[in-house]
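Below is one structure, written out as structure tokens; the observations come after it.
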Amino acid sequence: MKVYNTLTRRKEEFIPLEKPLVKMYVCGPTVYDHAHLGHGRTYVAFDLIRRYLEHRNYIVRFVMNFTDIDDKIIDRSKREGVPIEDLTNKYIRSFLEDMEKLGVKGAHVYPRVSEHIEDIIHFIEVLIKKGYAYVSRGGVYFHVKKFKDYGKLSNVKLEEEKIHRVKDPYKKDPADFALWKFAKPGEPSWDSPWGRGRPAWHIECSTMAIKYLGECFDIHGGGSDLIFPHHENEIAQSEAYTGKSPWVKYWIHTGFVTVNEEKMSKSLGNYVTLKEVLKRYDPEVVRLFLLQRHYRSPLEYSEEGLKDTVNTLERLYNTLENIDAILRDAEVKYKLEKVEREVQNTITDLWAKFYSAMDDDFNTPEALKCVFEVSTCVNRYITESNRPNRSTLLLARDFFMTFGEIFGIFRRYYEGTGEDERFKHLVDILVHIRNKLRRERNYPLADEIREELKKIGIQLEDTPKGTIWKRMV
RNA sequence: GCCAGGGUAGUCUAGUCUGGCGAGGCGGCGGACUGCAGAUCCGCUUUAGGAGGGUUCAAAUCCCUCCCCUGGCUCCA
């Protein structure tokens with residue numbers, strides 16, 4: 001399996017540090033507002049990666065933080081007159097709700113900055129002791145020049161570059177960044193050996209990741225906008241702290257969602273919240289929409305694109321329903337004809353291709369091609385075969401279920417359909433009666449049965465080989 | 001300015017690392033099937049690669065030049 005590593009700017013063979021265990025940390029949101037589609041994209045992408053790794057028999061330990069102390073949160077709380085904790089709780093809840101709807105599997109730990117102040121203080125103390133950080137009048141800073149590998153992730157060069165960060169007269173060097181900020185009036189603050197204050201942005205992730213995953217781990221990810229300065233600074237802090245390198249083996253970054261080719265962002269105001277999107281579209285449509293593009297490429301958001309995906313997903317569900325409908329009466333064959341063997345070969349070949357696409361840096365668009373090809377293949381088989389073989393249909397169904405599990409769609413098939421045998425019999429009885437009516441050319445009554453069944457989500461379809469019924473999508 | 005990533009049919013998206021008949025979705029049109037409905041299948045749309053050079057038996061893919069777009073360098077998923 002190959003994974004693109006931002007650190008080396010190329011695909012690398014994926015070999016986790018401790019064989020079946022994969023330790024993975026993803027930068028979570030700063031919780032001062034509802035999440036938008038861009039956030040959704042990133043977390044769905046990492047969810048897919050996690051699911052695929054699990055599918056490939058890795059045990060994934062997954063940590064995602066919440067940044068609940070930050071300038072914007074403080075601003076927002078002041079503006080709205082809402083206590084910080086109420087605000088952050090509200091948006092954490094909102095975020096988790098959205099993720100749940102999107103079918104993003106939960107993290108094993110969701111560390112919040114506000115709950116890890118002690119750890120952060122200790123971390124900073126070590127950095128000071130080791131000579132990587134200094135106390136100044138504005139707070140505690142990381143002295144970038146001390147860390148010789150600075151820039152290895154984002155490719156920034158300290159010498160020729162005037163990395164102008166937040167203007168701060170108390171820094172030794174403009175490239176230095178804050179670890180601890182002294183409190184200004186009205187800001188939340190905690191006691192520390194250097195004075196009351198609060199942790200700065202980057203330190204939290206280093207501290208919490210190391211606390212929960214250890215001094216070195218496998219995957220660290222987030223949106224591409226975090227590469228610099230956030231992740232660059234995390235590396236500096238963490239490797240300075242542990243004295244070990246590399247801190248993280250694989251850095252994975254997701255591309256942006258764009259609107260008219262511009263990055264979707266709060267500041268540009270061109271965003272749609274996940275709540276809005278999920279109100280208008282089935283969560284699985286949103287997921288498929290996001291996974292139809294490779295996770296590192298920019299993804300253009302458009303209403304049209306989403307609508308296309310509605311049809312795309314419907315087609316996949318139809319295929320599944322076609323299989324299930326035929327499966328009800330299909331029997332196992334004990335000898336396969338040539339066509340039959342070819343269909344099975346095609347499916348297994350495509351299944352293998354599906355895996356190699358996924359193995360190649362989680363190439364979901366390429367993997368999806370295989371899914372569509374299996375779809376066409378099995379539909380054709382159903383259309384052309386006089387007596388489809390149960391085993392062949394099950395093979396196709398297994399493939400779809402595997403695909404669904406990895407992509408996080410077809411959820412309703414896993415959650416159960418709520419049908420029992422008697423229900424199925426009942427439908428069969430109605431179908432039988434209706435066909436009698438049709439033979440008698442009593443179409444009004446036959447159509448009425450079909451209409452009524454449609455109302456409870458059962459669709460009857462008359463095919464040349466007889467009537468089949470499906471659950472409606 | 002520095003760094004990173006792009007430009008593929010009507011449209012969206014793969015393939016570029018590792019050169020070898022350019023793939024898939026959606027849309028549109030036509031056909032098969034059909035009491036109607038629905039689903040599905042088949043065919044067409046389909047000699048598409050930003051521009052120009054070069055290397056090669058062979059270039060979307062490698063090299064050079066140019067044009068255009070986006071992102072990071074201040075908070076960001």
Side-chain angles (χ1 to χ4, degrees), chain A residues 2 4 6 9-11 26-30 32 35-46 67 70-72 75 151 154-157 160-167 201 221-230 232 253-258 260-268 288-289 292-294 296-300 302 304-305 307-316 318-319 321-322 325 357 360-361 363-373 375-376 378-384 438 441 443-444 446-447 450-451 454 459-465 468 470 472-473:
Chain A
K2 285 186 174 171
Y4 182 88
T6 310
R9 263 165 248 104
R10 57 169 186 242
K11 287 182 201 168
V26 173
C27 283
T30 301
Y32 68 101
H36 59 64
L37 190 62
H39 299 102
R41 200 239 177 139
T42 291
Y43 301 116
V44 166
F46 283 105
T67 299
D70 155 274
D71 290 344
K72 274 191 232 171
D75 285 352
S154 59
N155 224 12
V156 297
K157 288 176 190 76
E160 53 181 78
E161 201 42 53
K162 46 260 153 157
I163 302 173
H164 44 292
R165 286 230 183 68
V166 182
K167 280 175 211 137
W201 181 31
S224 302
D225 42 7
L226 298 182
I227 296 172
F228 189 88
H230 188 54
E232 192 66 62
H253 293 95
T254 54
F256 302 122
V257 172
T258 58
N260 296 323
E261 303 206 324
E262 268 184 330
K263 179 184 172 185
M264 177 179 282
S265 72
K266 284 271 156 65
S267 43
L268 285 167
L288 187 60
F289 174 73
Q292 265 176 313
R293 284 81 177 168
H294 185 79
R296 282 190 283 117
S297 307
L299 186 160
E300 175 75 9
S302 71
E304 217 173 85
K307 279 178 189 152
D308 285 354
T309 307
V310 172
N311 295 337
T312 306
L313 184 65
E314 198 178 314
R315 177 208 158 149
L316 293 178
N318 280 332
T319 304
E321 281 300 327
N322 287 340
D360 185 14
D361 194 28
N363 193 337
T364 53
E366 192 64 31
L368 277 166
K369 285 186 190 179
C370 303
V371 176
F372 293 120
E373 282 179 43
S375 167
T376 300
V378 69
N379 278 325
R380 187 196 297 129
Y381 172 63
I382 288 172
T383 307
E384 288 174 359
R438 287 174 68 216
R441 302 196 152 262
Y443 293 123
D447 288 350
R450 188 171 60 191
E451 280 308 303
K454 198 172 177 178
Q459 178 156 291
L460 299 193
E461 292 178 8
D462 301 316
T463 76
K465 290 161 215 154
I468 57 173
K470 301 177 181 175
M472 281 168 67
V473 180

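Here is the naming used below: chain letters follow the sequence lines, and residue numbers restart at 1 for every chain. Since we're looking at a predicted model, the values are computed, not measured.
For the OP1/OP2 pair of A39(B) and a distance below 4.0 Å, the side-chain nitrogens and oxygens of Asn379(A) include no atom meeting the criterion. For the pair Asn155(A) and C2(B), the criterion of a side-chain N or O lying under 4.0 Å from OP1 or OP2 is not met. Taking only side-chain nitrogens and oxygens, Lys307(A) never comes nearer than 4.0 Å to OP1 or OP2 of C12(B). Residue Arg315(A) places at least one side-chain N or O under 4.0 Å from the OP1 or OP2 atom of C26(B). The side chain of Thr30(A) places an N or O atom within less than 4.0 Å of a non-bridging phosphate oxygen (OP1 or OP2) of A77(B).
The nearest whole Å value for the distance from the CG atom in Asn311(A) to the C1' atom in A39(B) is 14 Å.
One finds no salt bridge joining Lys72(A) and Asp75(A) here, because no Lys/Arg side-chain nitrogen approaches an Asp/Glu carboxylate oxygen to under 4.0 Å.
Distance from the side chain of Lys11(A) is smallest for C17(B) among the nucleotides U40(B), C69(B), C17(B). Closest to the Phe228(A) side chain, of the nucleotides C3(B), C73(B), C75(B), is C73(B).
Lys266(A) comes within contact range of no nucleotide atom at all, as no heavy-atom separation falls under 4.0 Å. Counting any heavy atom pair closer than 4.0 Å across all strands shown, Val371(A) reaches no nucleic acid atom. Note on Ser224(A): nothing from the nucleic acid sits closer than 4.0 angstrom, heavy atoms only. Residue contacts for Gly305(A): at a heavy-atom cut-off of 4.0 Å it reaches no nucleic acid atom on any strand shown. Residue contacts shown for Glu373(A) are limited to sugar-phosphate atoms, with no base heavy atom under 4.0 Å away. Counting any heavy atom pair closer than 4.0 Å across all strands shown, Thr364(A) reaches no nucleic acid atom. Across all strands shown, Thr258(A) has no heavy atoms under 4.0 Å from either base or sugar-phosphate atoms. Counting non-hydrogen atoms under 4.0 angstrom, Gly40(A) reaches nothing in the nucleic acid. Counting any heavy atom pair closer than 4.0 Å across all strands shown, Ser267(A) reaches no nucleic acid atom. Asp360(A) comes within 4.0 angstrom of a base, heavy atoms only. Contact annotation for Lys465(A): no contact, since no heavy-atom pair falls under 4.0 Å across all strands. In this structure, Leu226(A) reaches the sugar-phosphate backbone alone: every heavy-atom distance under 4.0 Å involves primed, P, OP1 or OP2 atoms, never a base.
Taking atom C1' on both G53(B) and C67(B), the two are 15 Å apart, rounded to the nearest angstrom. Atom C1' of A59(B) sits at a distance of 15 Å from the matching atom of C64(B), rounded to the whole Å. Spacing between C26(B) and A39(B) at atom P, rounded to whole Å, works out to 13 Å. Taking atom P on both nucleotides, G31(B) is separated from G71(B) by 47 Å, rounded to a whole Å. As rounded to the nearest Å, U61(B) and G52(B) have P atoms that lie 13 Å from one another. Atom P of A9(B) sits at a distance of 8 Å from the matching atom of G50(B), rounded to the whole Å. Comparing the P positions of C68(B) and G25(B) gives a spacing of 36 Å, expressed to the nearest Å.
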* Paired and unpaired positions of RNA chain B as dot-bracket, Watson-Crick or G-U wobble under 3.5 Å, | denoting a partner strand -> (((((((..((((......[..))))((((((.......))))))....(((((..]....))))))))))))....
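His230(A) and Cys27(A) make their closest contact through NE2-SG, 3.6 Å (heavy atoms, listed as atom of the first residue, atom of the second, distance). Nearest heavy atom pair, residue Glu384(A) against residue Lys465(A), reads N-NZ, 4.2 Å. Minimum interatomic distance between Ser224(A) and Thr254(A) (heavy atoms only, all atoms of both residues): OG-O, 2.5 Å. Arg296(A) approaches Arg41(A) most closely through the heavy-atom pair N-NH2, 4.5 Å. In terms of heavy atoms, Arg9(A) sits closest to Tyr4(A) at CA-OH, 3.3 Å. When all heavy atoms are compared, the tightest approach of His294(A) to Asn363(A) is ND1-CA, 3.7 Å.
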Can you check nucleotides 34-37 of chain B for protein contacts, nitrogen or oxygen pairs under 3.5 Å, and list what you find?
| unit_1 | atom_1 | unit_2 | atom_2 | d |
| --- | --- | --- | --- | --- |
| G35(B) | O6 | Arg434(A) | NH2 | 3.4 |
| G35(B) | O6 | Arg438(A) | NE | 3.1 |
| G35(B) | N1 | Asp447(A) | OD1 | 3.0 |
| G35(B) | N2 | Asp447(A) | OD2 | 2.7 |
| C36(B) | O2 | Arg450(A) | NH2 | 2.4 |
| C36(B) | N3 | Arg450(A) | NH1 | 2.9 |
| C36(B) | N3 | Arg450(A) | NH2 | 3.4 |
| C36(B) | N4 | Asp462(A) | OD2 | 2.9 |
| A37(B) | N6 | Asp462(A) | O | 3.1 |
| A37(B) | N1 | Asp462(A) | N | 3.1 |
| A37(B) | N3 | Arg450(A) | NH1 | 3.1 |

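Distance check, rounded to the nearest 0.5 Å: CG of Asn379(A) to CG of Asn322(A) gives 5.0 Å.
Position along RNA chain B of the nearest nucleotide to Tyr4(A) versus His294(A) favours Tyr4(A) as the more 5'-ward residue. Each of Phe372(A) and Arg380(A) was assigned the nucleotide of RNA chain B with the nearest heavy atom; the assignment lying further toward the 5' end belongs to Phe372(A).
Partners of Tyr43(A) according to the ring-ring contact (aromatic ring centres under 6.0 Å, His included) rule, which considers only residues two or more places apart in sequence or in another chain, are Phe95(A).
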* Does the pair Glu304(A) and Lys307(A) meet the rule for a salt bridge (charged side-chain N to carboxylate O under 4.0 Å, His left out), with working shown? -> CA-CA 5 Å; Glu304(A) 217 173 85; Lys307(A) 279 178 189 152; over 6 Å; no
